[in-house]
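Here's the structure, in structure tokens; my notes come after.
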Amino acid sequence: MKVGFIGLGNMGGPMAANLAEAGHDVTGFDPVAPCPAGVRKAASGAEAARGQDVVITMLPNGSILRTVADEIIPAMDQGAVLLDCSTVDVESARAVAEKAENAGLLAVDAPVSGGVGGATAGTLTFMAGGREEAFAKVNPLFDVMGQKAVHCGAAGAGQSAKICNNMILGVTMIATCEAFALADKLGLDRQKMFDVVSTSSGYSWTMNAYCPAPGVGPQSPADNDYKPGFAAELMLKDLRLSQQAAEAVDADTPMGHAATELYESFVEQEGGQGMDFSAMLPRFEKRHRNG
Ligand code: NAD
């Protein structure tokens, strides 16, 4: 397929490289990041978008996505697919999809889970929103960049699934970390805590697969000085998107709200920036009941 790829950062770079390596004809654009091997460099987003079957965007946020979409939609061929893989607010995803469809294009929002490791290895999970016909057209590209793609529903459904998943992840990580810190103060051995919880009703992905306690459970960022992994500021971004969405549809999300506040103070006031999101555990270790 002829593919335009806009946003060649930590995630987009390796995703574009994998598409080129699989034999797709990839043209990329990024104002800052270098073009990976095998990808032809365009001078602008519009140039990268012109004449392609699919144009993929992998950008930092919804407002940048809207700006880039305004630039590339007029340049794209009728019937081509605009495939946005960034994590953005549901409203921006829907607005961009509507603009694309009004211009005679197809649109898919397909944020990913799996991080830079998954992008490099081609093992991402895509959660997609958009018409069946559009999903079918880009599915072969999902096969190259990922291991699984779920068609979640209409435009915006991919972003909705992503922020609901990550709201659960943020809340669960905090619960796991505060429980470890409580167990410490109760004199309970961390390994014993893991042995019990990982096989009891408190088990979760954060405990069983990504244990925040160093030296306990499978290898995780905790075993590497809490270097990300999944950075605390990216978790904060996704939690904020969940609260923005909850606000928009009047949903009551008290735990999501609390998790957002905790990650906000962790990242902005307590040195959590640049650390893995599981570094909530050393944060709780240092604290007392009233702060
Ligand atoms: P990044 O900052 O490394 O890459 C974003 C790229 O977009 C940058 O290279 C930047 O120069 C480029 N860009 C900015 N404005 C542009 C424009 N107008 N035209 C073209 N390019 C432009 O970020 P990333 O880590 O690659 O993340 C990309 C998206 O993927 C984000 O929405 C993020 O939330 C999501 N995501 C990231 C991870 C992760 O672990 N890094 C995991 C899942 C999802």
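When a ligand or atom number is given, it counts from 1 through the structure's own listing order. Note that the coordinates shown come from a computational prediction; the quantities given were computed from them, not determined experimentally.
Using a cutoff of 4.0 Å between basic side-chain nitrogens and carboxylate oxygens, R190 and E285 are scored as salt-bridged. The pair D70-K99 meets the salt-bridge criterion, since a charged nitrogen lies less than 4.0 angstrom from a carboxylate oxygen. With salt bridges taken as basic N to acidic carboxylate O contacts below 4.0 Å, one links E268 and R240. Ion pairing of R40 with D25 is present here, as a side-chain N (NZ or NE/NH1/NH2) and a carboxylate O approach within less than 4.0 Å.
Here the protein heavy atom with the shortest distance to atom 27 (O) of ligand 1 is M11 CG, 3.8 Å. The nearest heavy-atom contact from the protein to atom 30 (O) of ligand 1 is M58 CE, 3.1 Å. Atom 4 (O) of ligand 1 has its closest protein heavy atom at G9 CA, 3.4 Å. If you check which protein heavy atom lies closest to atom 36 (N) of ligand 1, you get T87 OG1, 4.1 Å. Among all non-hydrogen protein atoms, the one lying nearest atom 40 (O) of ligand 1 is G115 CA, 3.5 Å. Scanning all protein heavy atoms for the shortest distance to atom 21 (N) of ligand 1 gives P31 CD, 3.2 Å.
With a 6.0 Å radius and a threshold of 12 heavy atoms from other residues, nucleotides or ligands, E247 has its CD atom at or below the threshold. Annotation: E47, atom CD; neighbour count of heavy atoms from other residues, nucleotides and ligands within 6.0 Å is above 12. Annotation for E71: atom CD counts as buried by contact number, over 12 foreign heavy atoms lying within 6.0 Å. Heavy-atom neighbours of E21 CD from other residues, nucleotides or ligands within 6.0 Å: at or below the threshold of 12. The 12-atom threshold is exceeded at NZ of K185, counting heavy atoms of other residues, nucleotides or ligands nearer than 6.0 Å.
No heavy atom of E233 sits closer than 4.0 Å to any atom of ligand 1.
For ligand 1, the atoms sitting less than 4.0 Å from at least one non-hydrogen atom of K162 are 43 (C), 44 (C), numbered in the order shown with element in parentheses. Residue V32 approaches ligand 1 through these ligand atoms, each under 4.0 Å from one of its heavy atoms: 11 (O). Each of the atoms 15 (N) of ligand 1 lies under 4.0 Å from some heavy atom of I64. Distances below 4.0 Å separate heavy atoms of I6 from the following atoms of ligand 1: 20 (C). Remark: ligand 1 atoms within the under-4.0 Å shell around heavy atoms of L234 are 39 (C), 40 (O), 41 (N).
Note: an N/O pair closer than 3.5 Å links L59 and ligand 1 by distance alone. In terms of polar-atom proximity, N10 is counted as a contact of ligand 1, with an N or O under 3.5 Å from an N or O of the ligand. Residue-to-ligand polar distances place D30 within reach of ligand 1: an N/O pair is separated by less than 3.5 Å. Checking only distances, K237 does come within under 3.5 Å of ligand 1, N or O to N or O. Of the N or O atoms in A33, none lie within a sub-3.5 Å distance of an N or O in ligand 1.
There is no protein heavy atom closer than 4.0 angstrom to atom 23 (O) of ligand 1.
You'll find the side chain of I174 reaches within 4.5 Å of the side chain of F284, heavy atoms only. A heavy-atom distance below 4.5 Å is found between the side chains of F180 and M207.
Ring geometry for F230 against F277 counts as perpendicular: the plane angle is over 60°, on a 0 to 90° scale with 30° as the lower cut.
One option in G28, P60, A48, S86 has a heavy atom closer to atom 7 (O) of ligand 1 than any other, and that option is P60. If you check each of V68, L8, V116 against atom 18 (N) of ligand 1, the one with the closest non-hydrogen atom is V68.
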